[in-house]
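Take a look at the structure below.
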Amino acid sequence: MAQNTLKTSTAILWTAAYFGIMVLYTFLDIAVWRKLFPGYSDWVNIITIIILGCGFIYLLMQKYKVDILSGITASGILGAVFCSVLFFLLLDNWQVCIIAPVIEEILMRGFVLGLSEKSLGAIKALLVSSLLFALLHFNMVQTLSAFVCGIILGLLYLKTKSVVCCIIAHCGYNLASYITVIYPYIK
C-alpha cells in the first residue's frame with residue numbers, strides 16, 4: 001500500500017538515490033555511450049535518462065501516494081507561466097529543458113514537499129524541499145539560485161497542489177535560461 005507521509009530522513013535518502021542516478025547516467029554518457037556510439041551518444045544518453053527517470057518515478061509511485069496530475073487549473077498554469085518569466089528575470093538540450101524538470105518536480109514538489117507537508121508543516125516542508133533541491137544541483141554557483149527557485153516552485157505547489165504546474169514553470173525557466181545562453185551565438 002502506498003504511503004502518504006514522509007520523514008525528512010526518507011526525503012534525503014530518495015534525493016541521494018536520484019543523485020546516484022544522475023551520477024550513473026553521467027558516467028554512462030562519458031565512459032560508455034560516447035565511445036560506443038560517437039555520432040549518437042547524445043540520443044543514447046537521453047534515452048538512458050528517460051528510462052532511469054521513469055524507473056525512479058515508478059519506484060516512488062509504488063511506495064508513496066503521489067498524484068502528479070492533480071490540481072491542474074487554468075490559474076495554476078498561468079501561475080506556472082508567470083513563474084517561468086519570474087525565473088527568467090531574477091540550459092543545452094532535452095535533458096535540461098524537459099527531462100530534468102519533470103523528474104526533479106515529481107521528486108521535490110510531488111514527493112518531498114507534498115508528503116512531508118503533513119508531518120512537518122508547510123513552512124518546514126517548503127524549506128526542506130528547497131534545500132534538497134538546491135543541493136541536488138551540486139554546483140555552488142547554482143545553489144543559491146536553485147534554493148530561491150525551490151522556494152518559488154514550492155509556493156506554486158502549495159498554492160495549486162499541482163506538480164504539472166511546477167513542471168511547466170521549471171521547464172520554462174530552464175528553456176529561458178538556455179535561450180539566453182545560446183542566443184548570443186546565433187547569427
Side-chain angles (χ1 to χ4, degrees), residues 1-26 45-73 76-77 79-81 83-84 87 91 93-120 122 124-138 142 146-175 177:
M1 181 169 169
Q3 299 177 23
N4 63 357
T5 60
L6 183 69
K7 294 180 184 176
T8 303
S9 59
T10 306
I12 292 169
L13 288 173
W14 279 97
T15 304
Y18 180 63
F19 181 79
I21 288 171
M22 292 187 329
V23 169
L24 174 63
Y25 68 66
T26 301
N45 193 47
I46 287 171
I47 292 167
T48 303
I49 294 167
I50 290 170
I51 291 169
L52 291 174
C54 288
F56 181 77
I57 292 166
Y58 176 79
L59 290 175
L60 276 178
M61 292 184 153
Q62 291 300 308
K63 182 100 172 127
Y64 296 91
K65 185 180 178 186
V66 179
D67 185 5
I68 62 172
L69 297 177
S70 68
I72 301 172
T73 63
I77 291 173
V81 170
C83 285
S84 296
F87 290 152
L91 266 144
N93 52 36
W94 286 85
Q95 176 189 351
V96 171
C97 295
I98 297 175
I99 299 169
V102 169
I103 296 169
E104 290 173 5
E105 290 312 310
I106 291 171
L107 174 63
M108 289 298 147
R109 259 48 78 186
F111 177 67
V112 175
L113 179 56
L115 296 180
S116 64
E117 180 183 6
K118 294 173 184 145
S119 58
L120 296 177
K124 285 183 184 175
L126 176 64
L127 292 174
V128 167
S129 68
S130 298
L131 180 62
L132 291 174
F133 181 72
L135 294 175
L136 188 64
H137 287 80
F138 63 93
Q142 278 187 306
F147 181 74
V148 171
C149 289
I151 293 286
I152 294 169
L153 289 165
L155 290 170
L156 177 64
Y157 177 79
L158 291 172
K159 173 76 173 151
T160 65
K161 297 297 185 201
S162 171
V163 174
V164 171
C165 288
C166 294
I167 290 169
I168 293 168
H170 194 157
C171 288
Y173 170 67
N174 284 11
L175 180 62
S177 297

Ignoring hydrogens, what is the shortest heavy-atom contact between [X] and [Y]? Give both atom names and the distance.
X    : Y    : answer
V163 : G110 : CG2-CA, 3.4 Å
C171 : P101 : SG-CB, 3.7 Å
I77  : C165 : N-SG, 3.5 Å

* To do: Can you sort out the partners of F147 under ring-ring contact (aromatic ring centres under 6.0 Å, His included), two or more places apart, ordered by chain and number?
  => none
Rounded to the nearest 0.5 Å, how far does [atom2] of [Y] lie from [atom1] of [X]?
X    : Y    : atom1 : atom2 : result
E117 : K124 : CD    : NZ    : 13.5 Å
I106 : I57  : CD1   : CD1   : 3.5 Å
M108 : C149 : CE    : SG    : 13.5 Å
C166 : K159 : SG    : NZ    : 13.5 Å
L127 : T8   : CG    : OG1   : 11.0 Å
L60  : I103 : CG    : CD1   : 10.5 Å

Tell me, do [X] and [Y] make a side-chain contact under 4.5 Å, heavy atoms counted?
X    : Y    : value
E105 : Y157 : no
K161 : R109 : no
I151 : F133 : no
L136 : M22  : yes

* To do: Just do the side chain to side chain contact (heavy atoms under 4.5 Å, CB included) check on L135 and F19 with the steps written out, would you?
  => CA-CA 10 Å; L135 294 175; F19 181 79; over 6 Å; no
* **S129 side chain to L113 backbone, donor-acceptor under 3.5 Å** => no
* To do: Indicate the ring-plane relationship of Y64 and W14, choosing parallel, tilted or perpendicular according to the 30° and 60° boundaries.
  => perpendicular
